[in-house]
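Below: one structure, written as structure tokens.
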Amino acid sequence: MTADHRFGTAQVHAGYDPAANLDSVTPVIYSNAAFWLENSQRGHAVANGDTPGFLYSRVANPTVGFLEKRIAELDGAKEAVAFASGMAAINAALLNAAEGGGRIIAPYDIYGGTFDLLRTLLPQFGVTTTFVRDINDPAEVEAQIGDDVKAIFAESVSNPTTVVTDVDALAAIAHRHNVPLIIDNTLPTPYLYRPLEHGADIVVYSTTKALSGHGNAIGGVVTSGDSFDWANGRYPQFTTPEFILGEAAGRAPRSFVEAAGPLAFIRRIRLKYLRLGGAVLGSFEAYLQLIGLETLGERVSKETASAAAVAAFLARQTHVRKVNYSALSGDPQHELVARDFPSGIGSVLSFELEGGAEQTAAFINHVRLFSYLANIGDARSLIVDPANTTHREFTPEAREIAGVTPTTIRLSIGLEDPDDLIADLTQAFAATYGA
Ligand SMILES: *Cc1c(COP(=O)(O)O)cnc(C)c1O
């Protein structure tokens, strides 16, 4: 397989060679913990990275490797490293940039787990976050950048209000200050948007969601481009000689930048955060995600078209105060969406019901086709009340800035017939408010 196939071809072929896997055309599940090293010469060569090969599945596993290569190709990335969950990937990416102390700049409008990580856990490790109200306001973001800033983090499309980040503009600000831009691209997936092509340096995904698409495996991935200069003086962790890259392999002392140049970040995240943090993806989960990826474009394009139809339907309802779907015509971000997301923003949307918590609960209890659960990107349509579930970690102030209220309802549109979804919502409105 060559690396220059179009998206639809890459999603079923990239990163996997049947001829190297006993002619199995579906990816093989390598379920072993460790790999036979044959003899001491080859063992040393594999351990030192001088010969391709596998040692132990906490460091690298062939099935997980197929997934990493396939996602890297779909994302237009140089390399990818898979983790056991999206949160493991995000935590590793943020610490790999900011470890040793420093500050991150991020909007309030981010996934609840990421917000809690930034607000309550990373400060325990000397990494604090300055939250900005509007990540698309260059003046507000630039005013916060100082020598202690190690990364800017944002979601390409935010959950649940679908605010779109102008990644090109944000990357220009970040790079003017020699800081990398890390983008969580979980909602649109690489099918709708590839942040590296817009100037982002590192991309993170929860592969649990639309990337694998069936709600049956937790996973995450970090992908990297090769244009950021990790030797710019702000990141000593990449320029300090590393025992395992130098002396342990019988070489002169080497740093990650000396060993890998612009791939220092992604190589180091594998060697430090995956190998030592230990949150590795299992080979069976990698297999499920590879199978899910085979239909990524087909699923996401249908779900996105249905989400747009549902959003337009909701915008016409008298009992809906507001629809959050930035691809709707008339949305303040419509122009940016048309420029950067020509095929749409994805399957997630949210809306505000008239009334209070009582109406929200009634509406959720009345839907029949939508499943009430805290996930997105499933083949089935899902409904949730973020204030009570996915965004519980938010302080009331942060929740307000992020646009989540007690009457916010989030939908993730699946593969059902959109007319059936709209009929289900229609009967739920009637049952909640009277016909
Ligand atoms: C779900 C999600 C995460 C966390 O991923 P897990 O796989 O649940 O750990 C991070 N970011 C976004 C945008 C998500 O939707």
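We count ligands from 1, going down the list as the structure has it; atoms in each ligand are counted the same way. Along the sequence shown, the residues carry numbers beginning at 1.
Taking a cutoff of 4.0 Å between a charged side-chain nitrogen and a carboxylate oxygen, Glu142 and Arg176 qualify as a salt bridge. Salt bridge annotation for Arg268-Glu99: present, with a cationic side-chain nitrogen under 4.0 angstrom from a carboxylate oxygen. Salt bridge status for Glu352 with Arg321: present, with a side-chain N to carboxylate O gap under 4.0 Å.
In terms of polar-atom proximity, defined here as any N/O pair under 3.5 Å, Ser206 does make such a contact with ligand 1.
In this model, no donor atom of one side chain and acceptor atom of the other lie less than 3.5 Å apart for Asn324 and Thr162. Side chains of Asn388 and Asp385: a donor-acceptor N/O pair is present below 3.5 angstrom, by distance only.
Counting heavy atoms closer than 4.0 Å to ligand 1, residue Thr207 contributes nothing at all.
In the vicinity of Ile376, heavy-atom distances shorter than 4.0 Å reach the ligand 1 atoms 15 (O). When each atom of ligand 1 is checked for a heavy atom of Asn159 under 4.0 Å away, the hits are 15 (O). Close approach to Ser85 involves these atoms of ligand 1, each under 4.0 Å from a residue heavy atom: 7 (O), 9 (O). Close contacts between ligand 1 and Gly219 involve ligand atoms 7 (O) [criterion: under 4.0 Å to a heavy atom]. For ligand 1 and Gly86, the ligand atoms under 4.0 Å from any heavy atom of the residue are 5 (O), 6 (P), 7 (O), 9 (O).
Here the protein heavy atom with the shortest distance to atom 4 (C) of ligand 1 is Tyr111 CE2, 3.5 Å. With hydrogens left out, the protein atom closest to atom 12 (C) of ligand 1 is Asp184 OD2, 3.4 Å, a heavy atom.
For Ala88, the heavy-atom gap to ligand 1 stays at 4.0 angstrom or more.
Across Met87, Lys209, Glu155, heavy-atom proximity to atom 1 (C) of ligand 1 is greatest for Lys209.
Aromatic pair Phe115/His391: ring centres not closer than 6.0 Å. Between Phe429 and Phe363, a ring centre-to-centre spacing shorter than 6.0 Å is recorded.
Other residues, nucleotides and ligands contribute more than 12 heavy atoms inside 6.0 Å of the CG atom of Asp417.
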